[in-house]
Number of protein chains: 2
Amino acid sequence: MPATTHPMTRKAGRPRIAVPRARLVEIARRIFADNGYHNTTLDQVAEQAGIRRASLLHRFGSKANLYRELLDQVVGDLRNLVRSAFGPQADFLEALDVLGGRVVDYLGGRPGVGRMLLRELVDGGPYLEGAGIQAVQDTLEVTTAFLASGMSDGAFREQDPRQLALTIVGIHLYYFATLPSTGAFIGAEAYTAEGVAVRKAAVLAHVRSVCEARPGEERRTGAVIGRH
Amino acid sequence: MPATTHPMTRKAGRPRIAVPRARLVEIARRIFADNGYHNTTLDQVAEQAGIRRASLLHRFGSKANLYRELLDQVVGDLRNLVRSAFGPQADFLEALDVLGGRVVDYLGGRPGVGRMLLRELVDGGPYLEGAGIQAVQDTLEVTTAFLASGMSDGAFREQDPRQLALTIVGIHLYYFATLPSTGAFIGAEAYTAEGVAVRKAAVLAHVRSVCEARPGEERRTGAVIGRH
DNA sequence: GTCTATAACGGGATAGAC
DNA sequence: GTCTATCCCGTTATAGAC
């Protein structure tokens with residue numbers, strides 16, 4: 001008895017047109033995002049794509065490889081957003097708003113992507129164990145450098161820039177990643193235009209709040225601010 | 001051939017003293033926290049406890065049951081922290097600091113717990129699918145009510161209290177949950193007294209920033225603040 | 001490059017002795 | 001309450017035809 005059922009009766013051999021690689025990655029992205037790495041079977045992906053599991057394995061070598069390729073794309077997109085927003089000549093507060101808006105649009109426009117990314121950061125799955133950790137660290141370093149510049153400039157208040165960077169990333173990622181379980185807690189649908197707009201307004205306000213210098217506040221040099 | 005190797009040659013029958021249930025849960029907590037639900041095998045837990053996998057299954061019925069019992073404890077602890085901090089008579093800014101400090105101490109003192117909790121929120125595993133979702137929602141509602149009160153009081157600035165609640169939870173959880181992958185990004189060791197103190201200072205400052213009313217700012221009634 | 005078929009493995013769960 | 005022994009299922013990966 002074969003390991004899986006065979007829903008289609010198709011002959012072996014070359015197909016007229018091969019399923020494009022990008023399409024396979026796109027299909028895999030949706031399914032991985034919905035179910036997580038371990039709860040996703042290659043049969044699910046293959047079925048959606050209309051090919052066999054063995055064919056999928058032939059193209060990508062292994063399940064882990066397919067997953068890596070797909071996450072590499074997401075991290076690359078986000079890294080590009082960060083890099084383009086944090087040019088050396090930028091107005092600091094404005095750059096904060098621009099990047100925040102773009103990131104929220106990116107995550108809000110791709111249900112499940114935030115989940116998948118955060119899951120990977122939490123679990124240290126196949127992607128991070130490879131080259132992915134480098135891309136993530138690089139993105140954090142770029143962000144940290146930008147924040148430190150803003151502090152020197154006086155636009156942002158003095159504090160530990162690495163702690164601040166992680167807080168900001170947390171504000172962005174947590175919300176979209178936990179929507180499946182906290183979605184009912186929010187009033188409206190999150191992945192609609194209005195839902196994304198509501199979150200964007202909140203994110204921009206919150207990120208500004210944790211960063212920007214306050215006129216009336218005394219200047220400190222340590223990491224502890226605002227504790228009296 | 002048996003499914004697993006048998007490192008010990010022990011006879012069947014009642015042991016002199018049974019392994020306490022609490023100890024089994026504690027062992028399971030550490031391993032689940034390190035490896036996640038799907039990457040944890042009952043053999044790992046059983047081996048650490050010095051019993052067989054079948055014995056573990058006898059006590060808890062199933063792997064999912066064991067996991068639920070353990071996560072229920074963590075969520076219960078955090079919910080109690082939130083409830084005790086948000087009494088109706090509290091000073092708002094002070095309550096914010098007190099709770100933030102306690103939560104950071106809790107997560108900082110139990111490596112892996114933040115990871116496990118966030119993973120569950122992201123994935124919607126066996127715990128959340130049961131009664132867990134109720135406890136999480138309840139905790140969020142209590143927090144939201146507190147924040148709304150603070151806004152009415154004038155201590156916090158007017159904004160969408162639910163968006164604010166999720167931002168605050170994100171600030172707390174993201175950091176500790178992603179330490180395995182971003183730990184190298186921070187200078188010091190995170191789960192030391194100093195490491196926890198550094199994070200605590202940052203969290204208190206950031207949470208205050210996103211909540212507190214600013215003296216010089218005009219009053220708005222909508223959810224959008226700080227966008228010009 | 002896709003197919004069929006099968007090998008090999010790991011892990012959750014159960015039956016019954018002690 | 002713990003053990004041994006077994007069952008059974010899902011998943012990865014490979015072999016070889018077309």
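Side-chain atoms are counted along with the backbone in the values below, which use heavy atoms only and exclude waters and symmetry mates. From a predicted model like this one, the values you see are computed outputs, not experimental measurements. Throughout, protein chains are lettered first and strands after them, A, B, ... in sequence-line order, and every chain is numbered starting at 1.
- One can place CZ of A:R21 at 13 Å from C1' of C:dG1, the figure rounded to the nearest angstrom.
- The nearest whole Å value for the distance from the CG atom in A:N39 to the C1' atom in D:dG10 is 12 Å.
- Judged as a side chain to side chain contact (heavy atoms under 4.5 Å, CB included), and not counting sequence neighbours, the contacts of A:I27 are A:R23, A:I31, A:V45, A:Q48, A:A49.
- Proximity of B:S55 to the phosphate of D:dC3: a side-chain N or O atom is located under 4.0 Å from OP1 or OP2.
- Judged by distance alone, the side chain of B:R68 and the main-chain N or O of B:P126 form a donor-acceptor pair under 3.5 Å.
- Contacts with DNA chain C (heavy atom under 4.0 Å) in residues 61-73 of chain B: B:S62, B:K63, listed by number.
- Distances were taken from every side-chain heavy atom of A:A54 (C-beta onward) to each of D:dT2, D:dT12, D:dT14; the shortest belongs to D:dT14.
- Which of C:dA15, D:dG1, C:dG11 sits closest to the side chain of B:T41 comes down to C:dG11.
- Rounded to whole Å, the distance from CG on A:D43 to C1' on C:dA5 is 14 Å.
- Counting only heavy atoms from C-beta on, A:H58 has its side chain closest to C:dT2 among C:dT2, D:dT12, D:dT2.
- Distance, B:H38 NE2 to D:dG10 C1': 13 Å, rounded to whole Å.
- Summarising the geometry, the separation between CG on B:L56 and P on D:dC3 is reported as 10 Å, rounded to the nearest angstrom.
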(request) Report the C-alpha distance between A:Y67 and A:E120 in whole Å, list the side-chain angles of each, state the deciding distance to 0.1 Å, and finish with yes or no for side-chain hydrogen bond (donor to acceptor under 3.5 Å, both in side chains). (result) CA-CA 11 Å; A:Y67 187 68; A:E120 190 70 9; 3.0 Å; yes
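- Using a 4.0 Å cut-off, some side-chain N or O of A:R52 falls inside it from OP1 or OP2 of C:dT4.
- At the heavy-atom level, B:L57 lies under 4.0 Å from base atoms of the strands shown.
- Considering only residues two or more places apart in sequence or on other chains, A:E141 meets the salt bridge (Lys or Arg N to Asp or Glu O under 4.0 Å) condition with A:R162.
- For the salt bridge (Lys or Arg N to Asp or Glu O under 4.0 Å) test, no residue two or more places apart in sequence or in another chain qualifies with A:K63.
- For B:L42 and C:dG10, the CG to C1' distance is 12 Å, given to the nearest whole Å.
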Distance-only check: which donor-acceptor pairs under 3.5 Å involve side-chain atoms of residues 185-192 of chain B, not counting sequence neighbours?
unit_1, atom_1, unit_2, atom_2, d
B:T192, OG1, B:E189, O, 3.1
B:T192, OG1, B:G195, N, 3.1

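- Taking B:S209 as the reference, A:R157, A:R214 meet the side-chain hydrogen bond (donor to acceptor under 3.5 Å, both in side chains) condition, with sequence neighbours excluded.
- In this structure, CZ of A:F60 is placed 14 Å from P of D:dA13, rounded to the nearest angstrom.
- A:I51 has its CD1 atom 9 Å from the C1' atom of C:dG1, to the nearest Å.
- Taking 3.5 Å as the limit, the base of C:dG12 and the side chain of B:R53 contain a donor-acceptor pair of atoms between them.
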